[in-house]
2 protein chains.
Amino acid sequence: MARRSQTEMAVLGALSMQPMTAYALREAIRDVLGNFWSESFGQIYPTLQALERQGHVERREGPRAGSSTFAITAPGTARLHDLLNEPITTTPSRNGLLLRLFFGRTLGPARCRELILQARADAERSLADYEELARTVAAEDAGSPDLPYIMTTISAGRHNAQSLIAWTDEALTLLDGAS
Amino acid sequence: MARRSQTEMAVLGALSMQPMTAYALREAIRDVLGNFWSESFGQIYPTLQALERQGHVERREGPRAGSSTFAITAPGTARLHDLLNEPITTTPSRNGLLLRLFFGRTLGPARCRELILQARADAERSLADYEELARTVAAEDAGSPDLPYIMTTISAGRHNAQSLIAWTDEALTLLDGAS
DNA sequence: ACGAGCATGTAAGACGTTACATGATTAG
DNA sequence: CTAATCATGTAACGTCTTACATGCTCGT
């Protein structure tokens, strides 16, 4: 699946929950999907225009002069359904931390430990964030049919953060034998 | 840090372990760093040429007529050191599975479960691979000064696969309340 | 009146992948 | 001798980010 389709999927998905302006869409993608998805500003507008041309979204009068609210149409919902059912395309991973650790002999053990401790601190903060997010969302969206689905994505973040923390501990132990 | 610098880091890092041809470099990046890094073919050659111009790598006679072996130079080692010490730039994550699950109400619970089970199977295979890799590398590179560093990256893969498996179980439970 | 935040868009350029084109060497 | 693999490179194309340019609206 081309990257463009993935952007369409995110945009249509967001609009399927609520009609909004392009600006709000950008913020929703950043703030709501941000933990596992991203779209840059320069992608959202052209995609929205393409979707409008294809009749997948509808432009309505916005909250201000010169602004528009976009709403998903029936064909747009069908298109979203199709996109969601397409096979998942995985983007090749690029983990700067692991790349540095792999060349740790050149980088030096002290700096490696620093990087790992930094990662641990980040993961701990992230874990706390996910736990608070889980509480907030469970309370705010109680009873929403979207809730269980949203919770699976938050759960993924929590598990990932936890595994990162566990890994840093093991990594530090592994490096003890190295210095 | 520009993406180009990251490519340089991977290339110089690989050459710091062993001089090799561009072709071997490509395979090494795919097969050895592949679990956490990737460079496409079209990036490696231009980067290598740039590094040669800058005197960071040296072109020597290769194993065949018309082929070259590249070796890192002293300035190249210094450059690698600098690159490794630059702050880590994280590429924004794009997780197609989580994006689909977030819009799971539209996708439908049955298909969501399928996707999660697929992810579980992948993670289990991946976990087995990492465990075998850990055994192989520990045996083959026993005593190498690089071993502990390499093991931290394998450990990261293992922890990640484990957390993915644990997450899928929780996600399935969460969705039981949804259908 | 003015600054912060809402709102829309374009354009340049960097980044990255893929397909193509070509040839040498070696194993069977 | 011929197919597979080693080996080198280019060109076209698509993707993505960043910076820029513009204007409205609301609170103070």
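Here is how names work: the chains are called A, B, and so on, in the same order as the sequence lines, proteins then strands, and each is numbered from 1.
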To the nearest angstrom, the CG-P distance between Leu48(A) and dG9(C) comes to 8 Å

For Tyr130(B) and Ile154(B) the tightest heavy-atom approach is O-CG2, 3.7 Å

Between Ala22(B) and Leu48(B) the two heavy atoms that sit nearest each other are CB-CD2, 3.6 Å

Please confirm whether Arg26(A) makes a cation-pi placement over Phe41(A), using NZ or CZ under 6.0 Å from the six-membered ring centre and within 45° of the ring normal.
yes

Per-nucleotide protein contact along nucleotides 18-28 of chain C, 5' to 3', at a 4.0 Å heavy-atom cut-off (B base, S sugar-phosphate only, - neither), is B-----BS---

Original post:
Donor-acceptor pair, Asn85(B) side chain versus His81(B) backbone, under 3.5 Å?
Top reply: yes

- Query: Is a salt bridge present between Glu131(B) and Arg135(B), judged by a nitrogen-to-oxygen distance below 4.0 Å?
  - Reply: no

Q) Can you find a side-chain donor-acceptor pair between Thr73(B) and Glu58(B) that sits under 3.5 Å? A) no

Nearest heavy-atom approach of Leu80(B) to Met9(B) is CD1-O, 3.7 Å

Looking only at heavy atoms, the pair that brings Leu84(B) and Phe103(A) closest together is CD1-O, 3.9 Å

Phosphate contact (dT10(C) OP1 or OP2) by Gln49(A) side-chain N/O below 4.0 Å
yes

In numerical order, the residues of residues 19-36 of chain A whose heavy atoms come under 4.0 Å of DNA chain C are Thr21(A), Ala22(A), Tyr23(A)

* Between Tyr45(B) and dG9(D), is there a side-chain N or O to OP1/OP2 distance below 4.0 Å? -> no

Between CD1 of Ile44(A) and P of dT15(D) the distance, given in whole Å, is 16 Å

